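Quick caveat: nothing in here was measured; it's all calculated off a predicted structure. Computation of the quantities below employed the complete heavy-atom set of this structure, encompassing side-chain atoms and omitting hydrogens, waters and symmetry-equivalent molecules. For ligands, and for the atoms within them, numbers begin at 1 and follow the listed sequence.
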Amino acid sequence: MSEERAVIVATRFIDLVLKHNWEDINGFLASEVQVFFDIVSAAGFKPREVTQGKLVGHYYDEEMRLTSKTYPINELCPFKVMNQNGEDDYRATEWLDCVLRYVACDVGPLTQASRSRYIGVIAGEIGRSIPLEPIQLTEHCDELCEPVPKRRHDRLGEFFRHTRDDDEIRPPDSFVGIHRYCGGAMHRVRATQDCDAILCQKCFLRALISTGIKTYGELRKYEETQRVIEVMRRPE
Ligand SMILES: [Zn+2]
Ligand SMILES: [Zn+2]
Ligand SMILES: [Zn+2]
């Protein structure tokens, strides 16, 4: 997702949001639903469909059991998001509701300046919402995915804070992410004088990395370089 593309998607979304009163709306054009599909896709979610519907979350009681008491996930947004498996995507739906509310519930008068401000904020939020690009760990395409993102509250509402390439990959003996497809938790531990190992708790994959690696970005670069070295070593 280029920054330019994020701005285009955000602009279409904002112009649509400013056209309607979202407290009282029924009936949408397919092209309008597409604008919602495009922005949620640009934000890194993988929707199969965006469709009219409301999702609710359930409150827990003191013993952390689900209760029948509910709260709305998409308070204002008339659309819910369905993932590739045809299931309701709660996070994507919540994200869509947050960006819609940010623009639709702003009280100030609409000016060229406020429109530009919305575009900047929403395009920025699209960028922040994209998950970390998985890091290939082995020749056999094993990949490390970021840990489950933490919730982050700000003036826009509630979003998730994703891992970025310049985030530190935690010091030895700690959780670094998820083994893609396998789903196992991966930890970094000390293994030899020069190497740490990234281990999968579930399938026991073990990938050696240099102890000097401090960030996810350095790990990504290291793995790319290792693969180039491997290819060069291969007999012709
Ligand atoms: Zn919260
Ligand atoms: Zn050991
Ligand atoms: Zn695994």
Side-chain angles (χ1 to χ4, degrees), residues 1 40-49 55 57-58 60 64-66 73 80-95 126-152 158-235:
M1 168 64 42
V40 83
S41 304
F45 297 99
K46 305 263 181 286
R48 181 160 90 186
E49 198 185 354
L55 298 183
H58 286 261
Y60 288 91
M64 292 308 286
R65 286 176 308 214
L66 280 177
I73 298 287
K80 65 173 184 174
V81 181
M82 295 177 88
N83 67 20
Q84 290 296 321
N85 299 325
E87 299 150 352
D88 291 332
D89 188 332
Y90 283 76
R91 278 193 184 181
T93 302
E94 189 179 347
W95 187 87
I126 289 171
R128 272 192 290 281
S129 169
I130 297 170
L132 181 79
E133 177 79 24
I135 299 171
Q136 189 175 337
L137 290 177
T138 67
E139 257 191 292
H140 307 287
C141 306
D142 288 283
E143 286 173 308
L144 173 69
C145 291
E146 65 177 342
V148 175
K150 291 194 178 64
R151 285 185 172 266
R152 166 173 69 81
E158 180 144 331
F159 293 101
F160 293 93
R161 196 223 167 263
H162 289 281
T163 302
R164 288 292 175 248
D165 267 7
D166 50 8
D167 282 344
E168 284 198 13
I169 195 151
R170 290 170 215 172
D173 212 4
S174 62
F175 177 57
V176 295
I178 307 287
H179 189 194
R180 193 174 189 186
Y181 304 113
C182 160
M186 302 199 91
H187 291 260
R188 177 178 182 173
V189 300
R190 187 69 191 265
T192 71
Q193 180 165 2
D194 310 319
C195 290
D196 287 341
I198 292 185
L199 308 170
C200 177
Q201 224 170 33
K202 189 170 160 193
C203 71
F204 307 116
L205 170 75
R206 181 175 187 268
L208 290 177
I209 65 168
S210 156
T211 50
I213 290 169
K214 288 187 294 295
T215 64
Y216 284 89
E218 286 174 15
L219 176 63
R220 188 187 302 283
K221 248 195 219 110
Y222 173 82
E223 293 295 347
E224 282 164 9
T225 313
Q226 291 301 107
R227 278 195 296 283
V228 171
I229 293 171
E230 274 305 311
V231 169
M232 279 164 31
R233 267 193 201 136
R234 251 172 230 159

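Judged by distance alone, the side chain of R170 and the main-chain N or O of H187 form no donor-acceptor pair under 3.5 Å. In terms of modelled atom types and a separation under 3.5 Å, the side chain of R188 and the main chain of R190 share no donor-acceptor contact. Under a 3.5 Å cut-off, the side chain of N83 and the backbone N or O of N85 do form a donor-acceptor pair.
The list of salt bridge (Lys or Arg N to Asp or Glu O under 4.0 Å) pairs with a residue in residues 177-186, not counting sequence neighbours, reads E143-R180. Sorted by first and then second residue, the salt bridge (Lys or Arg N to Asp or Glu O under 4.0 Å) pairs with a member in residues 205-224 read D165-R220; sequence neighbours excluded.
The number of protein N/O/S atoms found under 2.8 Å from the Zn ion (ligand 3) is 4.
Applying the salt bridge (charged side-chain N to carboxylate O under 4.0 Å, His left out) test to E139 and every residue at least two apart in sequence or in another chain returns R234.
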